[in-house]
Every structure is written in structure tokens, then in C-alpha cells.
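Numbers restart at 1 for each chain; the letters A, B, ... are given by sequence-line order, proteins then strands.
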Amino acid sequence: MAKYPFSEIETKWQKFWDDNKTFRATEDPSFPVEKRKYVLDMFPYPSGAGLHVGHPEGYTATDIYCRYLRMKGFNVLHPMGYDSFGLPAENYAIKTGTHPKTTTEANIEHFTKQIKSLGFSYDWDREICTHSEDYYHWTQWIFLKLYEQGLAYESDKPINWCPSCLTGLANEEVKEGRCERCDAQVEQKNIRQWVLKITEYAEKLLEDLDTLDWPESVKSMQRNWIGKSVGADVVFTTETGDELKVYTTRPDTLFGATYMVISPEHPLVDKLTSAEQKKAVEDYCYQAKLKSDLERTDLAKDKTGVFSGTCAVNPVNDKKIPIWVADYVLISYGTGAIMAVPAHDTRDWEFAKQFELPIIEVLKGGDVDREAFTEDGPHVNSGFLDGLGKQEGIDAMIAWLSEKGVGEKAVNYKLRDWIFSRQRYWGEPMPLVHCEKCGVVPLPESELPLVLPPTTSFEPSGTGESPLAKLTDWLETTCPSCGGPAKRETNTMPQWAGSCWYYLRYLDAKNPREFVGRDKEDYWMPVDLYVGGAEHAVLHLLYSRFWHKVLFDIGAVKDREPFQRLINQGMITSFAYQRANKSLVPTDEVTEVEPGKYTANDTGEPVEQVIAKMSKSLKNVINPDDIIRDFGADSMRLYEMFMGPLQVSKPWQTNGLLGVNRFLNRVWDVAEREISDAEPSDELKKVLHKTIKKVSADTDALEFNTAISQMMIFINEVYKEEKCLRRLWEPFVLLIAPYAPHLGEEMWRMLGKTESLAYEAWPAWDEALCVDDEKEVVVQINGKLRSRLLVAAGTGKDELLSLAMKDEKIIPQLEGKTIVEEIVVPDKLVNIVVR
RNA sequence: GCGAGAGUGGUGGAAUUGGUAGACACGCUAGUCUUAGGAACUAGUGCCUUCGGCGUAAGGGUUCAAGUCCCUUCUCUCGCACCA
């Protein structure tokens, strides 16, 4: 059988869709609200490497869904764009001197070509890129809104600093504590930064998760990240007369507090340190500063700490307890100080054992000499709490503390404010100036966009500031408020900024007056389906939600949440081969000696097939361009969907691709046969209607793999016919069209149609034709399968039972046995229980 | 350690409310066609030694009936990492 001419067909239809703007979406008021769908893909960063096989997976899934929805009469918004600010282009610029804009735009062109070669039904008129002035104009505008709301503030925050490159590094540029480029030891350096008060929205971000149709794993990750805990703040008084506030989730254990710990960065460290301990404490704090975050948070290490020389008074019993300085207490959480209850907290217990501090049991139930007891039990040694359980104890203690004015109920979040500045060139400039007289002054909206100034020097400034600090003409400006001399802010925004709100700009991509027109936002929002990789489960999705909530609070958008339904596509992995010592062997260096058995070519030792991420070194990277060239976009799309459920990760097997390609060749083979208007057989009609039903249900549920296997079943039957039966073929072509759109359009033409099928009505099925006339009913004895009966569908229970009893395989089974029970499930089975 | 999810043939994966385990595809085996192609078509293909038995990570339980429900254990993937 000849290969079908996919290359010709695909080029032809891609041009047709482009020329005719087939997929342009408009805000047509005749569609009722429930017939409008906004289906969104996470937009890509246009890297120099081009499209990866992972990209088309999610994009194909949403494309199939969108094409299906259009045929079902929905008005569908399906846009695409680029997250085009970012580090790689800037690093490339430093190396080669090529402006990041040049690199980025060349990459975008390449990406667009690749994406179009897959035949996706995007409305390209709405394309956006975050680095264009028209776009970041409004990113800056939203930043001004955040600033106006008091949600942006300056603060000294640490960055990863490379003392050799004299520049700040992103986390991904730090490899094992060293600079990725020059291998120098990376330090932490405090610099002035802009920070967004996302913590103010912690509660809303947490609460509204419950309203979202998102994977439980993502919601759980976000809950975890926000990390809400409820407890109490308790104020201790120190010997120096200072108040030392601690946060605890277990105020009920206050009688068991035998010492306190403050973090080495705590503001009271100096004051609380006695003269005798001064040297020891200073040394300890210095050592702590040298440690990387990783070393400090390594759970396996022993606890370290040093006594400050000062005591505090426990407010419940006026006992004096020592204050220690230790790095197991984090300055960034709670108040940076804790009361230590070694009997009932594992960390405190370890610390107390290490430094031989007293352990007092205040809840019964464990053996606190052996380990910390963290479960519930009756209180002891606890004055007015004695006899109470954990929760009662907590409530009673909070009431007591409040009454005495030494504490109160408190809520804490792990979530920290969002460091929003980068010391980089290739990002949105912040629309702020620093005036000697007026301080920080925001630019008036009329001066937006604040354009990124041209330059040829992308080298870091050497001071930790962005390269913008070197551009004096741009830097020196006048204050919008007093007209006096002022300097522009040199920090730029992080890559997250542009991706925080891009879904809104698609709605009204060319609006020069507003970030989005209210009518457009009303028409489409919220996003009905958002598909992308799980790597954005926390940051991008949390930041977007935060911005959206701020925009909601200032009345700029109508919804509390931007993304109603979220799906993470699984990763496309690859096979690799593993030696007994766990080292991996590249794919092209093994031989399959028998099914499932592989040996390494060099040593001949047996190797095991394992699943690994695609990587150049394992020689298992698949380039989508090669696949499209050799098998066509429709095969590529179909295979990626046939591999397995969208949400799970699955290994690429080119042989599997061959299978779907073979299937499309068979489809083409049928399409080329003489068209006949004859009535198909009842059997074929049944297969067709079952196929319509299954493909409809599965496409609706995004279960594309099973929809495709049903279409294969259909073709396996129809293939046996001599002619192409129009009554079967027309509905089938419509069914396969969202999956293999080029082939679909071409076959539609072959059926004599003159219009694109993109807006043809989706086929309907006849339920009566979806049920079998005959059913195979199994007969079990004591749950074990003994015989099968072929009966008319809907045969009654009594008749099924009597048929089973008369069955020649069953009769001997019943001899000499007593029938205890008979279970009959019509159309399914008969189970006879005997003794 | 905590949180989330997953373990089904040689491989990717199917299995409404518990009701025929292995759909569909890959691979493999045999056959057909003067046939060299990533051919195509037809048939077979969970495992075991035949009657028959055994099979959904392992063990136990509920049930007439368990891949599916419950308990215990193990393994793997992802996320977080002393969060007081």
C-alpha cells in the first residue's frame, strides 16, 4: 500500500486555514454564555533549541478539544503567544553581543513555523509576546496598580552572588553552591530589591483553591506552599528587660518549655548576649552566615547552637529558662524565635539531648526519655491545664494568655513575599524613579510604556545592579512629581511578570487604551481549560492567581480566579538501558537479543530497559521536525495522543508511531476507494454508531487514547469493504478531523464537499444502534468461569438460569452438589453457588 | 520525615456503579503475494507440562463475585525539606 501524500496535504491545508483565517474568534453575542469556551495552552519560552516533543503533547490535546467544541457549536477562543523575556537570550547576548531582541525574535519565528507545521487551530491574530512594548506597557501598568495598593515595597534581600563574575545568579545558574559559568563559590549578598506582598493574599489564595477544578496534587502543593498553621504568639520577658515574642502551634505545652532558641539573624542576638558568651555567639553567627541554605537545612546533620548567656521568664510559671542561639530556628518563619519543649517536639528533643538541657513531660502517653511524644494525651505538670487533652489545652492556654496580656491566638504562613526584581537587562523595566526629594515616585500612566533602552553592552554592571545602571542617559531623569533630578529604577521584573496575566491580553491583544477591554473580559473569562506542564504547579499558577485577585479587588476583572479547570500533561520520556551498576547506556549501543532482553554492545553484559528523561547523552531525544518530515503532522498528533492518558508521563517509541501511521494509511486507502451511496450492513452501522458514541464521550473527557483505539476498530471493519460507503464515511471523516485535521479536510473534499469541515456539525449517534443484539453471558460455578452462553440481549433472569442449568459444561459441575444460591445479572453472567 | 500520585503480558496501555482481565497498538511466530519495503494482507500470541490450573507489586480481609472496596507491607515517581 502506498504511503498517503501527507506532506502535500498538510502544506495545502495549513495555507488554507491561514489564508481564510478559519479559526479567528470573535465576540459574537449570539452565542449564549454556556456556549463560549476559552481553552488555553501554557505559552512557551522561545528557546534556541526549538520545539521539543513535549510541547505538541499539550498543544495537540487542546487543539483536538477545540476543534471538537467548534463542531459542537461552541464559540472557542484558542490563542498562542510567547513568554519572550528570559535569561538564556541575555546570557547569549553577553557571550556573543547579539541583542536579546534579535535572538528572541528569530527564535519566535522558528517556533511559530514549527507550531504551525502541526496544524493547530490557533487564532494567530491574537498572538502576543511578553517582550513587545505593546505588551509590557500593561505589565508595567499592573505593577503600578500593585504599587498603588501598597503591595510592592523595597527591602534588602539576599541574592546568589558570584564574586568572580560580579553578578547575581538565578537559582538554576548555581550548581552545588558554585557558579555555573566560572565555578566560583557562590555567596549570599544582600541588595535592595522590590518585593511583592503576596503574603497579604495568603488566606484568599488558600481558600479559593477549593473552588477550582484542578488536579488534587497541584492544589495540595499550593496548600503546602502557603503552609498555614494556627497557634499562638507568646511574649517572654528576658533578664535584660526585653520582650521576646515566639510563635508556637502548641501553647498547651508551655509548662514544658525548658529553654528558648533564637535564630542567629534575630535582631535581639547582640543585646541578649552576655559579655562572657560574646565571643562564642559571634563565632557561631559568623559560621551560620557562611553556610549555604542547603547545609543549614540538612536534616541529617546534628543540631548546633550556643548559649547566649541570658535567661527569659516563662510567663506561666515565672521559671527562668536559658536562651540559646541556634540555626535550626529560621528567621524567615514566625518570629524567628521559639520556646523549646523538648518533651513534645522532635527537634527540640534532639537539641536538648545534645546540650543536656532538661526535658519535662507535660502530656502523658509516651516515654520522653526515649523520644519526643508528639501525640495527644492528658496534660500533667501543667497547673491549670492538668487533665485536659491537646486541643482543650491549646484553647485554655490561649484564653489564659490573652487575659494576662502576654499572648494571643496567631496564624502563620510558610509563604513568603515575592522578590520581584532581577538585576538583569532583558526584562520589563520598573516604571519608578528615585528622587532625592520625593523618594520613590511611580511614573504617571501616560508615560508608559517605559521602554527598555537600546544598548550593545549586556555585561553585568559589577555592582550587582542591572546593566541598565550603566546607561547614564536613560538612568538620569527628572522626577515626575517635583521636576528635580532623579534616577530611574534599574531593576527589571522577573520572567514570571509577563506570564502572570497573558491570558487576559489574548482577549484584547491590540487594545492601545486598556490592558483588556471590559466587554472582552466579560465575554470570555474565566479560562475554561488550562493545559500545561506540572513544573508550574506552584510558582506560575500561584503568582497568576495572586495578580488576578489584586485585579479583582480593584475592580479590573470580574472573577476571583483566572483558571477554572487545569490539567497537567505528563512528560514524554524515553527508554534508556541500565547496567547492573545502575549506569545508563545510550539507546544506540544496545541490542535486543530476544523480546525484552537487551545487551550492551561493548561488553555484551545484559542491560535492563528503564524509562529516562530524553537527553542528548542517552541519544534518545526526538525532534518533532524529523517526525513531521517522515510521517506527517497528523501521525505525530495522533501518536502523541495514542501513547496513553494525557496526564501521565509515558515513553516515546517510534515503533508506536509507525502503528498510527499505518492506521492513517489504511484510512487513506478507504478514502481512495470508489464512493458508494449503498446502504451499509446493519453490522457496519452498529460499529459506526458505537464509534460515534465512544469518540464523542472520550473526546469530551480528554481521553484521546481510547477514542483513537475505537477509530482503529472502526477502520479494521470498514477496511474489509470493497467500496467507500458514503453513509459511514462522512460521519467518520468528521470524527477523525479534530485528531488528524489535514487528512480530515482532504477526505472531506474527496467526498465532494466544498467548505472546510471545521464548523460542520459533529455527528450524532443512534442509541438503538449502539446496543448489541446478542450478548455473551458467562456461567460461573462458585465464581469460577465454566461456560459461555450466546443469548439475545435482554434475556430474562429465569431463562438465563435455565439455559445455564442445561449447559453441557455445567451439568457435570452440578452433579452431587447442592445449589446454595443463584446470582443472575442479565447480559452479564450467571453464578451458581454450590456446596 | 511529611504531602500527593502510581504499580496490569516481552512493550505502550484498555477495563461505567465490584460482574468475561489484557480492548487498541507495538513486538514476536507462521503463512500469502517474484516481494527488498519503515511493505501489504491473513492467522496466532498472558503464564504453566495435557485434562486443567495460575494470573493485575506482596500478604491478609469483605463478597456469590475484587485490577476495582478495606487493612498491612514493599517499590517507584513528583513536590516540600528543621515551618516551631
Side-chain angles (χ1 to χ4, degrees), chain A residues 1-3 215-225 227-229 231 246-250 253 261 293-294 296-301 303 326-330 332-341 345-348 350-351 412-416 534-535 537-538 568 570-571 575 592 594-597 609 611 630-631 639 642-645 647-663 665-666 669 697 703 705-713 716 719 775-785 788 820-823 825 827-834:
Chain A
M1 183 171 63
K3 273 193 199 173
E216 201 42 55
S217 62
V218 176
K219 290 207 238 182
S220 141
M221 269 190 248
Q222 293 216 348
R223 281 192 198 104
N224 229 294
W225 190 263
K228 181 180 183 176
S229 87
V246 303
Y247 170 74
T248 176
T249 54
R250 294 295 304 277
T253 61
V261 184
D293 277 4
L294 218 86
R296 275 185 64 164
T297 55
D298 183 3
L299 264 164
K301 79 170 171 58
K303 298 263 184 298
D327 66 4
Y328 83 92
V329 171
L330 312 173
S332 54
Y333 185 75
T335 61
I338 61 155
M339 62 178 216
V341 184
D345 182 281
T346 316
R347 299 151 299 178
D348 297 345
E350 283 169 15
F351 190 81
N412 254 297
Y413 300 92
K414 284 202 264 184
L415 183 68
R416 298 182 202 168
E535 65 273 20
V538 181
N568 291 132
M571 207 183 355
F575 284 118
E592 185 167 12
E594 54 180 287
K597 296 256 191 283
Q609 189 179 57
I611 286 167
D630 296 344
F631 301 97
Y639 173 59
F642 185 63
M643 289 169 80
Q647 295 89 339
V648 305
S649 62
K650 40 216 174 266
W652 180 277
Q653 299 177 92
T654 300
N655 273 340
L657 179 91
L658 235 56
V660 296
N661 183 249
R662 206 169 288 163
F663 164 67
N665 275 316
R666 285 160 71 90
D669 191 276
E703 289 165 5
N705 54 331
T706 47
I708 294 166
S709 65
Q710 183 62 43
M711 290 191 268
M712 288 173 167
I713 291 171
N716 288 345
Y719 198 75
K775 294 276 185 184
E776 194 178 55
V777 171
V778 295
V779 186
Q780 300 177 330
I781 304 292
N782 290 345
K784 290 220 187 294
L785 196 146
R788 299 164 191 273
V820 181
E821 202 181 345
E822 295 140 342
I823 291 114
V825 182
D827 294 346
K828 297 270 185 195
L829 60 73
V830 176
N831 188 9
I832 302 166
V833 186
V834 298

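Using a 4.0 Å heavy-atom criterion, one finds that A:Thr346 contacts no nucleic acid atom at all. Counting non-hydrogen atoms under 4.0 angstrom, A:Arg223 reaches nothing in the nucleic acid. Among the protein residues, A:Ile713 comes within range of the sugar-phosphate backbone only, with heavy atoms under 4.0 Å from sugar or phosphate atoms but none that close to a base. Within the 4.0 angstrom heavy-atom criterion, no nucleotide atom of any strand lies near A:Thr654. If you check every strand for non-hydrogen atoms under 4.0 Å, A:Asn655 touches sugar and phosphate atoms only. Across all strands, A:Tyr413 comes closer than 4.0 Å to no nucleic acid atom at all (heavy-atom distances). Backbone-only engagement by A:Glu821 is indicated by non-hydrogen atom pairs under 4.0 Å involving sugar-phosphate atoms exclusively. Counting any heavy atom pair closer than 4.0 Å across all strands shown, A:Ser217 reaches sugar-phosphate atoms only and no base atom. As judged by a 4.0 angstrom heavy-atom cut-off over every strand, A:Pro215 is placed among residues making no nucleic acid contact. Among the protein residues, A:Phe642 comes within range of the nucleic acid bases, having at least one heavy atom under 4.0 Å from a base atom.
Distance from the side chain of A:Asn716 is smallest to B:C24 among B:C82, B:A14, B:C24. Closest to the side chain of A:Phe575, out of B:U20, B:C41, B:G12, is B:G12. The nucleotide whose nearest atom lies closest to any side-chain atom of A:Tyr719 is, among B:C41, B:A84, B:G12, B:C41. Side chain of A:Phe631, nearest nucleotide from B:C54, B:G38, B:A65: B:G38. Between B:G3, B:A40, B:A84, one nucleotide has an atom nearer to the side chain of A:Asn224 than all others, and that is B:G3. Comparing B:C82, B:C41, B:C54 by their closest approach to the side chain of A:Asp327 singles out B:C82. Counting only heavy atoms from C-beta on, A:Arg788 has its side chain closest to B:U20 among B:U20, B:C82, B:C64. Of the candidate nucleotides B:G13, B:U20, B:A25, B:U20 has the atom nearest to the side chain of A:Leu785.
Taking the P atoms as reference points, B:C70 lies 16 Å from B:U63, given to the whole Å. Going from the P atom of B:A25 to that of B:G18 covers 30 Å, rounded to whole Å. One C1' atom belongs to B:A65, the other to B:G19, and the distance between them is 7 Å to the nearest Å. As rounded to the nearest Å, B:G60 and B:U68 have P atoms that lie 14 Å from one another. Distance noted for atom C1' between B:G55 and B:U20: 15 Å (whole Å). Using atom P as the reference point in both B:G10 and B:U56, the two lie 13 Å apart (nearest Å). To the nearest whole angstrom, the two P atoms, one in B:G9 and one in B:A23, are 13 Å apart. B:G7 and B:G67 have their C1' atoms separated by 11 Å, given to the nearest Å.
Rounded to whole Å, the distance from CE on A:Met712 to P on B:A14 is 14 Å. Distance, A:Glu216 CD to B:G79 P: 18 Å, rounded to whole Å. Atom CG in A:Asn665 sits roughly 15 Å away from atom C1' in B:A25 (whole-Å rounding). A straight line from CE of A:Met571 to C1' of B:C76 spans 14 Å, rounded to a whole angstrom. The distance from atom NZ of A:Lys228 to atom C1' of B:A84 is 17 Å, rounded to the nearest whole Å. Atom OH of A:Tyr247 and atom P of B:C82 are 16 Å apart (whole Å). Rounded to a whole Å, the OH atom of A:Tyr639 is 9 Å from the P atom of B:G13. Rounded to whole Å, the distance from CD on A:Glu822 to C1' on B:G19 is 17 Å.
Taking a pair as Watson-Crick or G-U with both hydrogen-bonding distances under 3.5 Å, the stems of three or more pairs touching RNA chain B are B:1-7 with B:74-80, B:10-12 with B:24-26, B:27-32 with B:40-45, B:46-48 with B:52-54, B:57-61 with B:69-73.
Between A:Glu776 and A:Lys828, no side-chain nitrogen of the basic residue sits less than 4.0 Å from a carboxylate oxygen of the acidic one, so the salt-bridge criterion is not met.
Within the 3.5 Å criterion, the main-chain N or O of A:Gly783 finds a donor-acceptor partner in the side chain of A:Asn831. A donor-acceptor pair under 3.5 Å is absent between the side-chain atoms of A:Lys219 and the main chain of A:Ser217, judged by distance alone. For A:Asn705 (side chain) and A:Met643 (main-chain N/O), no donor-acceptor pair under 3.5 Å exists by modelled atom type. In this structure a side-chain-to-backbone donor-acceptor pair under 3.5 Å is present from A:Asn782 to A:Val834.
For B:G44, the base adopts the anti conformation, since its glycosidic angle falls more than 90 degrees from zero.
Considering CZ of A:Arg223 and CD of A:Glu216, their distance stands at 5.5 Å, rounded to 0.5 Å. Remark: A:Tyr719 OH to A:Met712 CE distance equals 14.0 Å, nearest 0.5 Å.
OP1 and OP2 of B:C24 both lie 4.0 Å or more from every side-chain N or O belonging to A:Thr706. Applying the 4.0 Å criterion to OP1 and OP2 of B:C26, one finds that A:Arg662 has a side-chain N or O inside that range. When the side-chain nitrogen and oxygen atoms of A:Arg250 are compared with OP1 and OP2 of B:A84, none of them lie within a distance under 4.0 Å. Checking the phosphate oxygens (OP1, OP2) of B:A25, no side-chain nitrogen or oxygen of A:Asn705 falls inside 4.0 Å.
With RNA chain B read from its 5' end, the first of the two nearest nucleotides for A:Pro651 and A:Gly336 is the one closest to A:Pro651. With the nearest nucleotide of RNA chain B identified for both A:Trp225 and A:Ile708, A:Ile708 has the one nearer the 5' end.
For B:C80, its base never sits under 3.5 Å from the side chain of A:Lys414 at any donor and acceptor pair. Residue A:Gln653 places no side-chain atom within donor-acceptor reach of the base of B:U11, judged by atom type and a 3.5 Å distance cut-off alone.
Side-chain atoms of A:Thr654 and A:Tyr639 form no donor-acceptor pair, as typed in the model, at a separation below 3.5 Å. No hydrogens or angles considered: nothing links the side chains of A:Tyr413 and A:Ser229 as a donor-acceptor pair under 3.5 Å.
A:Lys303 forms no cation-pi arrangement with A:Phe351, by the criterion of a distance under 6.0 Å to the ring centre and an angle within 45° of the ring axis.
Between A:Trp652 and A:Phe575, the gap from one ring centroid to the other reaches at least 6.0 Å.
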